[in-house]
Amino acid sequence: MKGLRIVEMEGIGPPPFAAMLLSDMGAEVIRIARIADSGLGIDRPDELDLPARGRQSLAMDLKNPQAVECLLDLIASADGLIEGFRPGVMERLGLGPDICLGRNPRLIYGRLTGWGQDGPMAPRAGHDVNYLAITGLLDMIGREREPPTIPANFLADYAGGSLMMVIGMLAALLHAKSTGQGQIIDSAMVDGAALLATAMAGFRAAGMHDGPRGTNLLDGGLPQYSVYECADGKYLSVGALERKFQLILLEGLGLCDEDAPLQGSKEDRQRARRAIGQRIRQRSRDEWITHFEGKDACVAPVLTFEEATRHSHNQARGTFVDIGGVTQPAPAPRFSATPLAMPVPPERPGASGRAVLEAWGIDADRIKALVEAGAVLDGERPGK
């Protein structure tokens, strides 16, 4: 993606992660930060705002007309823009899609929000758990006869939001490259989260996954697709869905079909779960992993994040890397012809203001005037 220029409006959660993915893949992304911290999101030191890695930052006062005009000039030479404000905010700033596309007809204007640009809930605040709630996904996640389990904020925010935005940006950039025509992307986390359930909708229509949560094929309802506690209080994941893997699992556990009837009635499956659970509790997690080494039983240890960074497979692939003294996930996916460079650590908002303006074609006299007018900061804003 080298040669692509993206303007990112500073935000929280999914928009920065989407911009990070594009930056990780080689795009030049500049973050437009506020002069003063908005106070939104979860407070943390700037250097630990890891989704901000890999890009330069320019702090602007977008209530100042000079800053808005300068930003429009930057947008005029960009390939794409990502913003995550509520509907109408960019329009009130004088940076709505009509104005930006008027300056740059090939621009891809990405709008990443929770509820989308229209619909009765569009103006309202929300977070990952709310988007999952109204798509039906949250109701599917958890143990039988227990409240739904909140899967951190992975599904709606990042899978349904950030990843869908990046896919949309890339598709629209291909269209713009061949036609010169830009467009607006309305990427709603609620839409993206719902889309993740496409295969599940088919299972439900087929009557294969339509029971209460925790009783179905892929939600822990089957003893061969579940998580079990070991002797040391740690956990082992079991995912032996196919019959050939089930036989290897049972053999490795020293059980047979009579002990653990995986193919039988609900009562049989309950008996199988008890038998498997009792057997797994006889050894520690790591003893089981050693025992199943080299066997296609579809078992894996449930690791903490710290343990995951030390796992032999992750280390062999370089799945986790050290950037600026902080261990974090490496850029993905892998490319054979254009391997990804290691990102630089997050910088403080505004730290590259003058350098960004110069690199994007703003002359020295205008930069001086912008700084003197308080439209942009010449350097970083106060850190956290």
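We use all heavy atoms of the structure for the numbers below, so side chains are in, but hydrogens, waters and symmetry mates are not.
The salt bridge (charged side-chain N to carboxylate O under 4.0 Å, His left out) test applied to Arg106 returns Asp79, not counting sequence neighbours. Scanning for salt bridge (charged side-chain N to carboxylate O under 4.0 Å, His left out) contacts around Glu8 gives Arg31, Arg55, with sequence neighbours left out. Evaluation of the salt bridge (charged side-chain N to carboxylate O under 4.0 Å, His left out) rule for Arg269 yields no partner, not counting sequence neighbours. Under the rule for a salt bridge (charged side-chain N to carboxylate O under 4.0 Å, His left out), the partners of Lys234 that lie at least two apart in sequence or sit in another chain are Glu307. Evaluation of the side-chain hydrogen bond (donor to acceptor under 3.5 Å, both in side chains) rule for Asp191 yields no partner, not counting sequence neighbours.
Judged by distance alone, the side chains of Gln183 and His175 never bring a donor and an acceptor atom under 3.5 Å apart.
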Would you give me the side-chain donor-acceptor pairs under 3.5 Å for residues 166-174, sequence neighbours excluded?
none

Sequence neighbours excluded and cut-off under 3.5 Å, please list the side-chain donor-acceptor pairs for residues 349-364, or say none.
residue	atom	partner	partner atom	Å
Ser352	OG	Glu347	OE1	2.9
Ser352	OG	Glu347	OE2	2.9
Arg354	NE	Asp378	OD1	3.3
Arg354	NE	Asp378	OD2	3.4
Arg354	NH2	Asp378	OD2	3.0
Trp360	NE1	Glu28	OE2	2.8
Asp363	OD1	Asp365	N	3.1
Asp363	OD1	Arg366	N	2.8

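Residue pairs meeting the side chain to side chain donor-acceptor pair (under 3.5 Å) criterion with at least one member in residues 87-99, sequence neighbours excluded: Glu91-Arg111. Sequence neighbours left out, not one pair with a member in residues 124-133 passes side chain to side chain donor-acceptor pair (under 3.5 Å). Listed by first then second residue, pairs satisfying salt bridge (charged side-chain N to carboxylate O under 4.0 Å, His left out) with a partner in residues 287-298 number zero, not counting sequence neighbours. Listed by first then second residue, pairs satisfying salt bridge (charged side-chain N to carboxylate O under 4.0 Å, His left out) with a partner in residues 130-157 read Asp139-Arg213, not counting sequence neighbours.
Between Phe305 and Phe320, the ring centre distance stays below 6.0 Å.
Leu249 belongs to a hydrophobic cluster whose other members, connected by ILVMFWY side-chain contacts under 4.5 Å either directly or through intermediates, are Tyr228, Leu236, Val238, Leu250, Leu253, Leu255, Leu262, Ile276, Ile280, Trp288, Ile289, Phe292, Val299.
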